[in-house]
Amino acid sequence: MDDKEYVGFATLPNQVHRKSVKKGFDFTLMVAGESGLGKSTLVNSLFLTDLYRDRKLLSAEERIMQTVEITKHAVDIEEKGVKLRLTIVDTPGFGDAVNNTECWKPVAEYIDQQFEQYFRDESGLNRKNIQDNRVHCCLYFISPFGHGLRPLDVEFMRALHQRVNIVPILAKADTLTPPEVERKKRKIREEIEHFGIKVYQFPDCDSDEDEDFKLQDQALKESIPFAVIGSNTVVEARGRRVRGRLYPWGIVEVENPGHCDFVKLRTMLVRTHMQDLKDVTRETHYENYRAQCIQSMTRLVVKERNRKDRSRN
């Protein structure tokens, strides 16, 4: 192309990239599921951090008595000059009581509170530095010891699927043989469809995407629920040092795609779909909440106006 015909807007992506990198990124990830399914270990494995170093482990009696809490851990991670403020929202006490009826309510209320806070900030006078604490993704851990989904799993996901992007996780996959993993995955997928649960949908690839990306995307879609293993220990395997678990019969490698879906989950969550999870939160879940708020406010205004008109007459 001749220089005279070159205007320069082809540099726009570079400008956006520079501005975004300077500002930094934020991401809020929620983890939910009963105790002992390896939630903390998986989060630490995913982001190579130790977010739970100050945590006090409860005894079995204390766990049964504990009500559902919501705890937040925030950490700033930097990689090749790109800053990510990661917030992990944990739900200790979820599913641990004898009676777990509606134990998802505090979780739903927390998600709604973040939407409400953002709506207020967005509608306020000073909208310059709005803190975005909306939950962008919920990793829901399903026990490998049952026969698919339990009633609590169905109740939780159905109560929250309109509020947050749910990514189902088949926990502790090293307790199952490969054929059992496949059977469990198939059963969970069938039950998700049967109960009308809307888990996070991967967007369709554009026709101009390269073949490798399309194949990778297809592999991610077919892996739901992700069968994962977490580990924060480094072990020796065939002369290599790898993150994994040492058993009498051999070593399970966390980052070996032949052993579990950990790499696929990390790829989806960090490398390929983090921005889409944020976009769906903003454009679908938050917009639905915002529309409901505005409808309620409009109804109240109309009701008040009608009441005043009646009192005048």
So do Phe226 and Met268 actually touch side chain to side chain, heavy atoms under 4.5 Å? yes

Is it true that Asn165 and His285 share a donor-acceptor pair across their side chains at a distance under 3.5 Å? yes

Side chain proximity check, Phe115 to Val135, heavy atoms < 4.5 angstrom: no

Taking the side chain as every heavy atom from C-beta outward, state whether Leu160 and Cys138 have any atom pair closer than 4.5 Å. no

Looking at Glu116 and Arg120, is any side-chain nitrogen of the basic one under 4.0 Å from a carboxylate oxygen of the acidic one? yes

Under a 3.5 Å cutoff, is there a donor and acceptor pairing between the side chains of Gln113 and Tyr118? no

At what distance, to the nearest 0.5 angstrom, does CD1 of Ile88 lie from NZ of Lys39? 12.5 Å

Ionic contact status for Glu34 with Arg150, cut-off 4.0 Å: yes

As a test of understanding, state which of Phe27, Tyr286, Tyr200 forms a ring pair (Phe, Tyr, Trp, His ring centres under 6.0 Å) with His136. Phe27

Would you say Glu191's side chain and Leu149's backbone share a donor-acceptor pair under 3.5 angstrom? yes

Taking atom types as modelled, find out whether Glu222 and Gln218 have a side-chain donor-acceptor pair closer than 3.5 angstrom. yes

Within the 4.5 Å heavy-atom criterion, are Leu277 and Leu269 side-chain neighbours or not? yes

So do the side chains of Gln295 and Arg299 get within less than 4.5 Å of each other, counting heavy atoms only? yes

Please find out if less than 6.0 Å separates the ring center of Phe94 from that of Phe156. yes

Please check if Ile169 and Phe145 belong to a single hydrophobic cluster, counting links between Ile, Leu, Val, Met, Phe, Trp and Tyr side chain heavy atoms closer than 4.5 Å. no

If you group Ile, Leu, Val, Met, Phe, Trp and Tyr by side-chain heavy-atom gaps below 4.5 Å, do Leu215 and Leu265 land in one group? no

Does a side-chain heavy-atom distance below 4.5 Å link Val280 with Arg282? no

Would the distance check show the side chain of Glu109 and the main-chain N or O of Pro106 forming a donor-acceptor pair, the cut-off being under 3.5 Å? no

The residue among Ile229, Val181, Leu170 that forms side chain to side chain contact (heavy atoms under 4.5 Å, CB included) with Cys260 is Ile229

Under 4.5 Å between side-chain heavy atoms, counting indirect links through other Ile/Leu/Val/Met/Phe/Trp/Tyr residues: same cluster for Ile188 and Phe195 or not? yes

If you measure from CD1 on Ile224 to CZ on Arg189, what distance do you get to the nearest 0.5 Å? 9.0 Å

Any side-chain heavy-atom pair of Arg245 and Glu253 under 4.5 Å: no

Separation between NZ of Lys172 and OG of Ser143, rounded to the nearest 0.5 Å: 9.5 Å

Tell me whether Ser45 contacts the main-chain N or O of Gly230 through its side chain, where contact means a donor paired with an acceptor under 3.5 Å. no

Measure the CG-CG distance between Asp76 and Leu86 for me, rounded to the nearest 0.5 Å. 9.0 Å

Between Lys72 and Thr87, is any side-chain donor less than 3.5 angstrom from a side-chain acceptor? no

Side-chain heavy-atom pair Ile70, Val89 within 4.5 angstrom cut-off: yes

Whether Arg290 engages the ring of Phe119 as a cation-pi pair (distance to the six-membered ring centre under 6.0 angstrom, angle to the ring normal within 45°) should be assessed. no

Quick one: do Lys185 and Asp261 make a salt bridge, cutoff under 4.0 Å? yes

Would you check if there is a donor-acceptor pair between the side chains of Gln292 and Asn288 at a distance under 3.5 Å? no

